Amino acid sequence: MELQSTLIAHVKDAVKKIYDVEIENLEFQPTRKDFEGDITLVTFPMLKTLKTNPVKLGEEIGNYLAENVSEVSGFNVVKGFLNIVLSDAYFLDFFNEIKDRKDFGILPAAEDAKGIMVEYSSPNTNKPLHLGHIRNILLGFSVAEILSAAGNKSYKTQIVNDRGIHICKSMLAWERFGNGETPKSTGLKGDKLVGNYYVKFDQEYKKELRKVAENELKARIEKANLKNQWENLSSVDEPFLKIVESEYEKVLRRYIYEKTDLDTEIIDKKVFYRSDFILDKNNKQDQAILLFKGKFIAFLNRNTFLSVGNIESEEDELIAHYLKNGINSILIKIEGKPEIINNIKILQDAKQMLLKWEAGDPEVVALWEKMNQWVYDGFEKTYDALGVDFDKNYYESETYLLGKDVVNQGLEKGIFYKKEDGSVWIDLTDEGLDEKIVLRSDGTAVYMTQDIGTAIQRVKDFDISGMVYTVGNEQDYHFKVLFLILKKLGFDWADYLYHLSYGMVDLPSGKMKSREGTVVDADDLIAEMTETARNISEELGKLDGYTNVEKEELYRIIGLGALKYYILKVDPKKRILFNPEESVDFQGNTGPFIQYTYARIQSIIRKADFEFKSVEESYKFHEKERSLIKQLQLYPETIQLAAENHSPALIANYTYDLVKEFNSFYQNVTILGTEDATEKSLRVQLANSVGNVIKSSFGLLGIQVPERM
RNA sequence: GGUCGCAUAGCUCAGCUGGAUAGAGCACCUGCCUUCUAAGCAGGCGGUCCCAGGUUCGAAUCCUGGUGCGAUCACCA
């Protein structure tokens, strides 16, 4: 970096001397591998003002630099690129500076530096953590570490969503169907146990929902007095029966697609449950349609609604088959209607429970505390397994009332406004956004209110000037609005809020849904990765002399390394498609590959039991040594870049490049085998420096490195 | 429909504020373990950088329009 500023100064001097022109912006970039040189000046942009040709200019500047800058030992010009070769002495200087520093690249935080709070994980307490949480947790943890390494103070936090209807659902189901089960009595992890009852609630809910929908529908049909004459259906004006009619029409069409070889478009155009007015009794096609339509209606009329049992022929069987699907669609549509949902007893009971909780009912609160504790114990195990921690936990049960005061103050200042029904809103249409509610008409807080209050609380609790929220990109809009509101409320720190928005982790089958059991469980995944690491290690059999305990620890380190690297190497904002069928790789651009390289380096260091010789100024670097040192030089700026971009992926990719470079060095140049004592010293120390950086950068990703593997 | 994000090799992904012939890994094909750990190294095959315009000496990168995929637009969180 220092070098670049000397070069800039000298290039400016050169241009001034030769052309008598002051040049402003110069562009340097690392020289591409296929050309000789270390750093390249792009001369294209200067041509316009200097009115010369690129090769001539390159030669002129190159000569000047070679003569006047001691670090420059040579150059070559390719079109508008001046490739500058730096001296071995320059690289040696750099290397001597960093070779004994374990903290190379890491900037200590200034004493008076304000902190940045990183929020991540923030789970609901009604179900176990899954792969989606893992991405969140790894990202948040890593970004906090990177921010620290880049010279900031960072604090890790999570807001535990410990209250609300979701946990009441688990509580209710446990109370009703749990028979007093506990994590102890079942041997289940607490979060798993509570999660099971959340699923149980959903199953019961769906059962009841179906029953209520059916009954309601039957009642309305009876009331409509169709007398089993389904062709009269279209004359009934009733919303539920309209759904029935439209689904019946679909079924009818499907049946006629099957029975005739008419084009589906023609059928769609001609077949209506409602009427036959288009159909012509003398037209052959229309006759066919009328025939099957007649059979369909006849079948319907022979059966009462929701039963399709009165089957007399093969024909009926086909109709019954389509009808079953149709009735299912009808019920699904009706189940979405508020008049039905609001009549589901078990859901009402859960809501009742939430009200009791809010009123501080001792029994409900006791149950809530008990089950939440089970969940916390479970989460703790998962966090431990992942090797992450928090400086402070916030709990929604303690913060959900925050923010109301601020909103009321904002109301007085005219930032918010009240609607007739008493609800409070903010108008963000000037910013290209919508209106957003901040207080319900009954005066209670919404999600946004809480987040406003919690943010303010955190600034009170900690000496921080900014916050990073690690939350999925489905909440992009929410955070845009939140930050804008805080800014309008006049908080100066609102400019330093950052939504670390990351893409969803999807499965080949689509989105993960806890209620439907289509999730990749965090604990299971960690266990599987460890298992894979074990299998590979045992097959390779390089661990003679390790105890079983040491081996287990190693498998854990490798398995987690594979998982963490796999997730962190991807740009946070991109979505990840995770295929559980294809296991995470352990070869190539992977965590274990990098860990393996580290272990190799440690092996060399263990064997290098000789006095290191200092390296003389005249040392001539091997080409591989040179590129390794160049790669090491990039580490500090990579950390800064990763911090600015909140992107662990940049650290991962940097480390991979370093390790690739090292392995090439390792396999092409002998380290301990060389006769030359200086060479041997330098190479071992170089390997050691690479090892230090791997350990350091992997630390930023939350990945451990093994001494052997 | 409005808004936001993504689109690069068969697959998974890099590509810094615009720069040289667009790079890795996996998969496939060749070599390399009597020498420091082969979870490795050396090499080969593989590209309409979604499409069309524009800005520029120069575009995968910036702008405009379009296509595809995803997210979001609740007195849910």
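Throughout, a chain's letter reflects where its sequence line sits, starting with A, and its residues are numbered from 1. If you're wondering where the values come from, they're calculated on a predicted model, not measured in any experiment.
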Presence of K351(A) side-chain N/O under 4.0 Å of C76(B) phosphate oxygens OP1/OP2:
no
D442(A)/R440(A) salt bridge by N-O under 4.0 Å criterion:
no
Please report the distance separating the C1' of U61(B) from the corresponding atom of G18(B), rounded so that it comes out in whole Å.
6 Å
For D571(A) and C13(B), what is the distance between atoms CG and P respectively, to the nearest whole Å?
11 Å
Y596(A)-F593(A) aromatic ring centre distance below 6.0 Å
no
Rounded to the nearest Å, what distance is computed from the OH atom of residue Y598(A) to the C1' atom of nucleotide G40(B)?
19 Å
For T670(A) and U35(B), is the shortest distance between a side-chain N/O and OP1 or OP2 below 4.0 Å?
no
What class does the angle between the rings of H478(A) and Y447(A) fall in, given that below 30° is parallel, 30 to 60° is tilted and above 60° is perpendicular?
parallel
What distance, rounded to whole Å, do you find between the two P atoms, one in U8(B) and one in C13(B)?
9 Å
When you get a sec, tell me which of A20(B), U56(B), G19(B) is the closest nucleotide to the side chain of K48(A)?
U56(B)
d(CZ, F578(A); P, U12(B)) in whole Å
14 Å
Round to the nearest Å and state the distance from E675(A) atom CD to U35(B) atom P.
17 Å
Here the distance between atom P of C76(B) and atom CE of M448(A), to the nearest Å, is 14 Å
Kindly assign one of parallel, tilted or perpendicular to the pair F201(A) and Y205(A), based on the angle between their ring planes and the thresholds 30° and 60°.
parallel
Going by centres under 5.5 angstrom and planes under 30 degrees, do the aromatic ring of F35(A) and the base ring of A20(B) stack?
yes
Of K573(A) and V78(A), whose closest RNA chain B nucleotide lies nearer the 5' terminus?
K573(A)
Polar atom pairs between nucleotides 22-24 of chain B and protein, under 3.5 Å, N or O only, would you list them?
residue, atom, partner, partner atom, Å
G23(B), OP1, R32(A), NH2, 2.9
A24(B), O2', Y656(A), OH, 2.7

Y565(A) OH to U12(B) P, straight-line distance once rounded to whole Å
17 Å
Is NZ or CZ of R163(A) both nearer than 6.0 Å to the six-membered ring centre of Y400(A) and within 45° of the ring axis?
yes
Distance check: side-chain N/O of K574(A) vs OP1/OP2 of A14(B), anything under 4.0 Å?
yes
G25(B), OP1 or OP2 - any side-chain N/O from K569(A) closer than 4.0 Å?
no
Does a side-chain N or O of R600(A) approach OP1 or OP2 of A38(B) to a distance below 4.0 Å, or not?
yes
Stacking check Y666(A) vs G40(B) (5.5 Å / 30 deg):
no
Side-chain N,O (T597(A)) to OP1/OP2 (G40(B)) below 4.0 Å
no
Check the distance between A77(B)'s C1' and I165(A)'s CD1 and give it to me in whole angstrom.
12 Å
Rounded to whole Å, please give me the gap between CD in E679(A) and C1' in C36(B).
14 Å
Distance below 4.0 Å between Y447(A) side-chain N/O and A77(B) OP1 or OP2:
no
